[in-house]
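Remarks on the structure that follows.
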2 protein chains.
Amino acid sequence: MARAKQDKQESHRTMQVVNHVRALIENGTLKPGDKIPPERDLARTLQISRASLRTGIGYLAALGVMKIKHGVGTFVADGPPDFGQDSLSFIGALHGFQSWQMFEARILLETGLAALAAERGKDEHFTLLAEEVAEIFASVDNPTEYLIHDVAFHRIIAQASGNPILAAIMEAIVSSMYDRRRKTVERSIDLRESAGMHREIYRAIRTRKPADARRLMEQHLRMAQEAQGLERPIGKHEKTVAPQ
Amino acid sequence: MARAKQDKQESHRTMQVVNHVRALIENGTLKPGDKIPPERDLARTLQISRASLRTGIGYLAALGVMKIKHGVGTFVADGPPDFGQDSLSFIGALHGFQSWQMFEARILLETGLAALAAERGKDEHFTLLAEEVAEIFASVDNPTEYLIHDVAFHRIIAQASGNPILAAIMEAIVSSMYDRRRKTVERSIDLRESAGMHREIYRAIRTRKPADARRLMEQHLRMAQEAQGLERPIGKHEKTVAPQ
DNA sequence: TACCTCAAGTGGTCAGACCACAGTATATAT
DNA sequence: ATATATACTGTGGTCTGACCACTTGAGGTA
């Protein structure tokens with residue numbers, strides 16, 4: 001039974017720091033945006049060397065829990081939940097995740113997100129969505145600009161779903177696909193048609209029709225997928241998701 | 001437009017190490033399970049101090065890319081993809097993720113996974129699934145044992161889906177819910193009924209009926225959700241997912 | 001008032017010593 | 001000869017204390 005046992009300690013001191021911070025976060029002492037004490041002070045407080053402390057802080061930074069600013073200080077991450085920038089693309093490269101698999105994951109998540117948004121979205125979300133749709137239509141001749149609003153549109157839907165976990169996961173997947181996507185959009189096809197689909201999705205959400213929202217989102221994404229040639233190969237392999 | 005700019009460098013040296021390793025992984029020099037050179041050697045190779053090297057290694061370890069074994073060496077992670085152990089539960093605590101949201105994410109993922117498994121599962125998966133179903137039935141009087149096979153069952157379905165990204169995400173979510181779950185199963189209800197549902201799900205997958213598999217899985221999970229009292233509150237708040 | 005300089009605060013890096021753990025070789029006892 | 005105890009080697013873990021690099025803001029200067 002493979003993962004029965006747990007790796008309890010990633011080396012004593014490091015985990016001591018991690019657990020310390022975790023405790024402070026869980027009991028509410030430390031909240032997003034807060035600044036933690038200077039390394040020298042905190043090290044003295046925890047009775048460990050500054051070097052060890054830094055290892056622990058680095059660990060937390062990698063997880064996206066802490067944000068370090070040279071010459072300024074170290075802070076608890078604020079803003080939207082964030083699995084350390086490229087963690088997904090990193091382990092993706094490691095395990096040979098393939099592009100069509102990424103896209104499949106994205107479709108599964110976003111269709112669900114769209115349905116949830118249709119059920120729970122608030123007026124504020126509808127407003128933002130409408131604005132982005134307008135911007136999208138206004139950018140059909142400017143691929144770079146278009147992509148910005150496209151991303152924003154999907155992000156707002158994730159927000160409107162009321163489920164930050166799913167939103168964060170989607171964010172991670174999308175950002176790990178960003179490089180490739182940008183290229184595609186630049187040599188893109190049919191931004192007008194794509195813009196129309198965004199509007200339809202918006203309408204389905206606004207009128208609270210989860211099933212429609214789901215279906216339209218799936219249709220939209222599958223079309224995008226084809227545009228990038230990332231359909232699932234029938235029985236053979238495909239090149240890995242590796243960037244560049 | 002919030003996250004326009006990227007934090008390019010998490011301090012020069014650290015990223016130097018991370019990028020070095022990343023390059024080695026992406027060009028195939030380093031593969032899962034491989035051992036990397038001793039810290040002292042590698043530090044000399046990269047022309048940086050051992051302390052800085054260790055910061056980088058620690059970063060990679062946090063991401064789940066490297067596994068460090070005191071007194072033995074440092075290795076590239078093998079086995080199933082793994083977002084550093086508690087990364088999700090950590091940022092969950094930070095952003096106040098709630099249990100029903102976790103469960104909702106799990107349901108969305110696992111229903112999709114079940115459908116995919118029904119479409120693509122191979123005989124080997126069916127065999128393993130059948131074995132676990134048998135074990136599940138054999139454990140209806142032993143909650144602890146039951147949980148083990150329950151987890152295994154769901155994990156095999158994830159495997160059978162053919163999408164390692166989705167499988168890894170599910171794994172992360174489930175493991176971040178583990179503590180709470182174990183308690184529930186121990187004071188549990190109706191393991192026999194639950195066992196029956198597993199069998200039904202298995203049959204739907206085996207006979208390649210994605211829609212049925214999806215529906216049964218959803219039914220199964222919603223029931224488990226209710227058993228834990230984790231339904232989405234109508235309009236109010238609910239206590240955070242904080243452990244203990 | 002506008003700009004410049006510089007000092008304080010904070011994270012980043014370095015060097016080298018020593019500690020702790022795991023595995024293996026070797027010595028010793030039976 | 002076998003088995004147990006011991007020492008050695010390799011590798012990660014920690015410590016100390018000094019110095020470097022970035023940001024900010026106070027205070028001086030034009």
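First the proteins, then the strands, lettered A, B, ... as listed; each starts at 1.
A donor-acceptor pair under 3.5 Å is absent between the side-chain atoms of B/D41 and the main chain of B/P38, judged by distance alone.
A straight line from CZ of B/R54 to P of C/dG12 spans 17 Å, rounded to a whole angstrom. Distance CG (B/L42) to C1' (D/dG10): 16 Å, rounded to an integer number of Å. Rounded to an integer number of Å, the gap from NZ of B/K69 to P of C/dA22 is 11 Å. The nearest whole Å value for the distance from the NE2 atom in A/H12 to the C1' atom in D/dG12 is 12 Å. The interatomic distance linking B/I68 (CD1) with D/dG13 (P) rounds to 5 Å, in whole Å. As a whole-Å value, the separation of A/I48 CD1 from D/dC15 P is 7 Å. When rounded to the nearest whole Å, the span between CD of A/E39 and P of C/dT10 equals 11 Å. Atoms CD1 (A/I57) and C1' (C/dG12) sit 14 Å apart, rounded to a whole Å.
For A/R40 against C/dG11, a side-chain N or O and a base N or O form a donor-acceptor pair under 3.5 Å.
For C/dG12, the OP1/OP2 oxygens have no side-chain nitrogen or oxygen of B/T55 closer than 4.0 Å. At least one side-chain nitrogen or oxygen of B/R13 sits closer than 4.0 Å to the OP1 or OP2 atom of C/dC14. OP1 or OP2 of C/dC14 sits under 4.0 Å from a side-chain N or O of B/S52.
Side-chain contact annotation: A/R44 with A/S49, donor-acceptor N/O pair under 3.5 Å absent. Judged by distance alone, the side chains of A/N163 and B/Q101 never bring a donor and an acceptor atom under 3.5 Å apart. No hydrogens or angles considered: nothing links the side chains of B/T45 and B/R40 as a donor-acceptor pair under 3.5 Å.
Positionally, the nearest nucleotide of DNA chain D for A/L53 lies more toward the 5' end than for the other of A/R50 and A/L53. Comparing A/V72 and A/A51 along DNA chain C, the residue whose closest nucleotide (by nearest heavy atom) sits nearer the 5' end is A/V72.
Outside the 6.0 Å centre-distance limit, the rings of B/H154 and B/H149 are not counted as a close aromatic pair.
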